[in-house]
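Below, each value reflects all heavy atoms present in this structure, side chains not excepted, and no hydrogens, waters or symmetry copies.
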Amino acid sequence: MVSNRIAFMTVDQILQQEIRDSELWLSREKDESTYKRDLKKRIELINWVLENMKNPDIEICSLIESRMNEIILTINKTYSIFEADILHSELRILDWIFYQVCVNKRN
């Protein structure tokens with residue numbers, strides 16, 4: 001039943017719901033953790049995408065891809081496992097967002 005509901009949601013609605021869900025889990029997370037850091041980053045990145053989607057002159061898929069490529073380049077230049085882990089998390093989040101936003105635009 002949930003999948004049917006999601007099938008009829010717009011990309012904007014899906015991203016807004018993801019923000020709400022992430023904020024809910026963030027409010028429940030008491031200790032500083034990787035999970036909490038990732039929730040904050042997820043909210044930040046989704047808001048960034050939603051803000052950029054408002055501008056019709058921006059090709060959002062290209063913008064997300066560009067940011068992902070910048071992160072990959074930064075990962076390749078880093079020698080810090082901690083920094084690389086943070087960047088890998090950001091890349092995974094952007095990959096999920098990219099799929100949500102661009103899956104139907106690639107055809």
Side-chain angles (χ1 to χ4, degrees):
M1 198 58 95
V2 172
S3 61
N4 289 338
R5 183 178 56 128
I6 291 174
F8 296 110
M9 293 174 72
T10 66
V11 170
D12 187 76
Q13 291 170 323
I14 291 168
L15 296 177
Q16 292 289 351
Q17 183 62 49
E18 187 66 24
I19 289 173
R20 285 188 293 277
D21 292 346
S22 295
E23 287 174 340
L24 174 65
W25 286 107
L26 187 61
S27 71
R28 294 178 179 175
E29 193 70 18
K30 301 302 177 210
D31 297 326
E32 289 302 317
S33 64
T34 302
Y35 180 63
K36 189 171 184 176
R37 179 197 71 207
D38 288 353
L39 286 169
K40 289 176 184 177
K41 183 53 81 170
R42 177 177 290 276
I43 293 166
E44 174 190 324
L45 290 171
I46 293 172
N47 279 320
W48 173 75
V49 168
L50 286 169
E51 203 51 44
N52 282 293
M53 285 173 62
K54 292 177 186 176
N55 184 343
D57 296 330
I58 293 177
E59 292 183 26
I60 194 65
C61 296
S62 295
L63 181 65
I64 297 169
E65 269 185 312
S66 176
R67 183 147 178 186
M68 290 170 70
N69 287 332
E70 289 173 16
I71 292 170
I72 291 168
L73 288 173
T74 306
I75 288 170
N76 290 337
K77 293 178 185 176
T78 188
Y79 294 102
S80 164
I81 293 173
F82 180 72
E83 184 180 339
D85 180 56
I86 291 170
L87 292 168
H88 278 287
S89 293
E90 187 171 338
L91 191 58
R92 277 192 309 277
I93 294 164
L94 280 171
D95 185 57
W96 179 86
I97 294 169
F98 180 82
Y99 179 79
Q100 298 303 316
V101 173
C102 303
V103 69
N104 293 321
K105 293 183 181 186
R106 290 288 177 177
N107 297 334

query: Is there a path from I86 to I93 through hydrophobic residues (I, L, V, M, F, W, Y) whose side chains come within less than 4.5 Å of each other?
result: no
Same apolar cluster: L91 and I64, side chain cutoff 4.5 Å: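 Same cluster: L91 reaches I64 through Ile, Leu, Val, Met, Phe, Trp or Tyr contacts under 4.5 Å.
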Look at the side chain of [X] and the backbone N and O of [Y], then say whether any donor-acceptor pair between them is shorter than 3.5 Å.
X: T78; Y: I75; answer: no
X: E90; Y: L87; answer: no
X: T74; Y: E70; answer: yes

Is the count of non-hydrogen atoms from other residues, nucleotides or ligands lying under 6.0 Å from [X] atom [atom1] greater than 12?
X: E59; atom1: CD; value: no
X: W96; atom1: CH2; value: yes
X: Y35; atom1: OH; value: yes
X: L73; atom1: CG; value: yes

- request: Dump the intermediate steps for salt bridge (charged side-chain N to carboxylate O under 4.0 Å, His left out) on R37 and E32, then the final yes or no.
  value: CA-CA 7 Å; R37 179 197 71 207; E32 289 302 317; over 6 Å; no
Nearest 0.5 Å, what's the [atom1]-[atom2] distance between [X] and [Y]?
X: K36; Y: S22; atom1: NZ; atom2: OG; value: 13.5 Å
X: L63; Y: F98; atom1: CG; atom2: CZ; value: 11.0 Å
X: L39; Y: E23; atom1: CG; atom2: CD; value: 10.0 Å
X: I71; Y: H88; atom1: CD1; atom2: NE2; value: 10.5 Å

Are the side chains of [X] and [Y] in touch, meaning some heavy atoms are under 4.5 Å apart?
X: L94; Y: E65; value: no
X: L15; Y: V101; value: yes
X: I19; Y: L50; value: yes
X: Q100; Y: I97; value: no

Show me, pair by pair, the donor-acceptor contacts under 3.5 angstrom made by side chains of residues 41-49, not counting sequence neighbours?
{"unit_1": "K41", "atom_1": "NZ", "unit_2": "E44", "atom_2": "OE2", "d": "3.1"}
{"unit_1": "R42", "atom_1": "NH1", "unit_2": "E18", "atom_2": "OE2", "d": "3.4"}
{"unit_1": "N47", "atom_1": "ND2", "unit_2": "I43", "atom_2": "O", "d": "3.1"}

field: Test side-chain contact (heavy atoms from CB on, under 4.5 Å) applied to K40 and L26, step by step
entry: CA-CA 7 Å; K40 289 176 184 177; L26 187 61; 3.9 Å; yes
Donor-acceptor pair between E29 and S33 side chains, under 3.5 angstrom: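 A donor-acceptor contact under 3.5 Å links the two side chains.
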message: Show, in sequence, the C-alpha distance, side-chain angles and deciding distance for T10 and Q13, and conclude whether the side-chain contact (heavy atoms from CB on, under 4.5 Å) test is met.
response: CA-CA 5 Å; T10 66; Q13 291 170 323; 3.2 Å; yes
